[in-house]
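Worksheet: the structure to be examined is printed underneath.
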Amino acid sequence: MIPTSKEELSKLVTQTTVETYEELTPQLVMLLDQVKHNEELTEAQKNDEILLNMMGYVKSCTNEIIIEVLSEILGLD
């Protein structure tokens, strides 16, 4: 779908955002679980690792959303 209005673009971005976050969430949950159960890390280190994982998750989702939306608009496979 090529959006022809700001509202259609907003719907496309929102839909893609929801799909992307749902698709990548299991990977984040797995990473967070590994960090929580890593007995070699202190609590502060665990918190730092969790923060880094969350930042990486948001970055990955953002990149994927941009790629998917632009691909849809430009008709790329």
Let me have the donor-acceptor pairs involving side chains of residues 62-77, under 3.5 Å, with sequence neighbours excluded, atom names and distances please.
residue : atom : partner : partner atom : Å
Thr62   : OG1  : Val58   : O            : 2.8
Ser71   : OG   : Ile67   : O            : 2.7
Glu72   : OE2  : Met1    : N            : 2.1

Practice problem: Give, for atom CD of Glu43 and atom CD1 of Ile50, the distance between the pair rounded to the nearest 0.5 Å. | Solution: 8.0 Å
Quiz item: Can you name the nearest heavy-atom pair linking Leu12 to Thr16, along with the distance?
Solution: O-OG1, 2.8 Å
Practice problem: Starting at CE of Met54, measure out to NZ of Lys59 and round the result to the nearest 0.5 Å. | Solution: 15.5 Å
Quiz item: How long is the gap from OG1 on Thr20 to CD on Gln15, to the nearest 0.5 Å?
Solution: 10.0 Å
Quiz item: Distance from Glu39 atom CD to Lys46 atom NZ, nearest 0.5 Å?
Solution: 7.0 Å
Quiz item: Out of curiosity, Leu41 CG to Lys36 NZ, how far, rounded to the nearest 0.5 Å?
Solution: 13.5 Å
Self-check item: Backbone N/O of Lys6 and side chain of Ser10: donor-acceptor pair under 3.5 Å
Solution: no
Exercise. List the steps and the verdict of side chain to side chain donor-acceptor pair (under 3.5 Å) for Glu49 and Gln45.
Key: CA-CA 6 Å; Glu49 286 293 318; Gln45 289 171 322; over 6 Å; no
Give the table of side-chain donor-acceptor pairs shorter than 3.5 Å for residues 22-30, with sequence neighbours excluded, one pair per line with atom names and distance.
residue : atom : partner : partner atom : Å
Thr25   : OG1  : Tyr21   : O            : 2.4
Thr25   : OG1  : Tyr57   : OH           : 2.7

